[in-house]
Amino acid sequence: MKKTLLAVSFMLLCFTSCKENYSNGEKVGNLIEFTSKGVFYDSWEGRLNLTQTGMNTSGEPFSFSFDNDRDDQKELIEIMKKAQVEGWKLKIRYHEVWGFKNFFNNRGETDYFVDGVTVLDKDFANPLKRQAVAGGKAGHVVDTVYLVVDKNEIKKYLRK
């Protein structure tokens, strides 16, 4: 009897401690994957390659879902489809759920659900296109080269 009461108490605690807005935030990057998939529940899933000050960051892409329980996201999904094809830089506003709010993955495969999308740069993937469209000459990409000077090597060279 005590074990049953303990198990029921634990389950009630788990269900009552679930949160819809466990965390809220924004991520900036370019879309590297956006697909509709699912076995029992089809949902729109995406991955964002995060950027920092205009450069790609190394690390795991941010995975997110569109909430199947919402019907007001068709316009956002269309923006995402176009952003994937065009290579736009996006800012995604999201919230994370916690607990049993998405236990069966019926709302989406991840616990991060999109609330809003803002297009930051439509020429992010092609910086040379912006220059050519503006009437300027088409430029070229210049890489940054880092030079490391070892003082010991210079001293050895000067001794010779």
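Of the inter-residue distances, the one linking Thr118 atom OG1 with Lys91 atom NZ reads 5.0 Å to the nearest 0.5 angstrom. A distance of 5.0 Å separates CZ of Phe34 from CE of Met80, quoted to the nearest 0.5 Å. Atom CD1 of Ile79 and atom NZ of Lys81 lie 12.0 Å apart (nearest 0.5 Å). Rounded to the nearest 0.5 Å, atoms CD1 (Ile92) and CZ (Phe62) are 7.0 Å apart. Rounding to the nearest 0.5 Å places CG of Leu48 at 9.0 Å from NZ of Lys27. A distance of 15.5 Å separates CH2 of Trp44 from CG of Asp67, quoted to the nearest 0.5 Å.
Considering every non-hydrogen atom in both Glu33 and Gln84, the closest pair reads CA-NE2, 3.8 Å. Closest approach of Lys122 to Trp88, counting heavy atoms only: O-CD1, 3.2 Å. Nearest heavy atoms, Arg47 versus Phe64: N-CE2, 3.7 Å.
Residue Val28 belongs to a hydrophobic cluster whose other members are Leu120, with links defined by side-chain heavy atoms closer than 4.5 Å.
Proximity of Asn30 to Leu90: side-chain heavy atoms (C-beta onward) are nowhere separated by under 4.5 Å. Residues Thr51 and Lys89 form a side-chain contact, since some pair of their non-hydrogen atoms from C-beta on lies under 4.5 Å apart.
The closest donor-acceptor contact from the side chain of Asn68 to the backbone of Asp42 lies under 3.5 Å.
The neighbour count for Phe66 CZ, taken as heavy atoms of other residues, nucleotides or ligands under 6.0 Å away, is above 12.
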| task | Could you give me the CA-CA distance, side-chain angles and deciding distance for Lys37 and Glu109, then say whether side-chain contact (heavy atoms from CB on, under 4.5 Å) is met? | result | CA-CA 9 Å; Lys37 60 183 176 178; Glu109 288 187 4; 3.5 Å; yes

| query | Yes or no on side-chain contact (heavy atoms from CB on, under 4.5 Å) for Phe113 and Val97, after CA distance, side-chain angles and deciding distance? | reply | CA-CA 8 Å; Phe113 296 108; Val97 298; 3.7 Å; yes

| said: Let's go through Lys151 and Val149 carefully: what are the C-alpha distance in whole Å and the side-chain angles of both, what is the deciding distance for side-chain contact (heavy atoms from CB on, under 4.5 Å) to 0.1 Å, and is it a yes or a no? | reply: CA-CA 6 Å; Lys151 291 179 184 179; Val149 177; 5.6 Å; no

| query | Hey, mind stepping through Arg70 and Asp115 against salt bridge (charged side-chain N to carboxylate O under 4.0 Å, His left out) and telling me if it holds? | reply | CA-CA 10 Å; Arg70 292 179 60 178; Asp115 293 325; 3.1 Å; yes

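For the residue pair Ser65/Thr110, the side-chain donor-acceptor check at 3.5 Å is satisfied.
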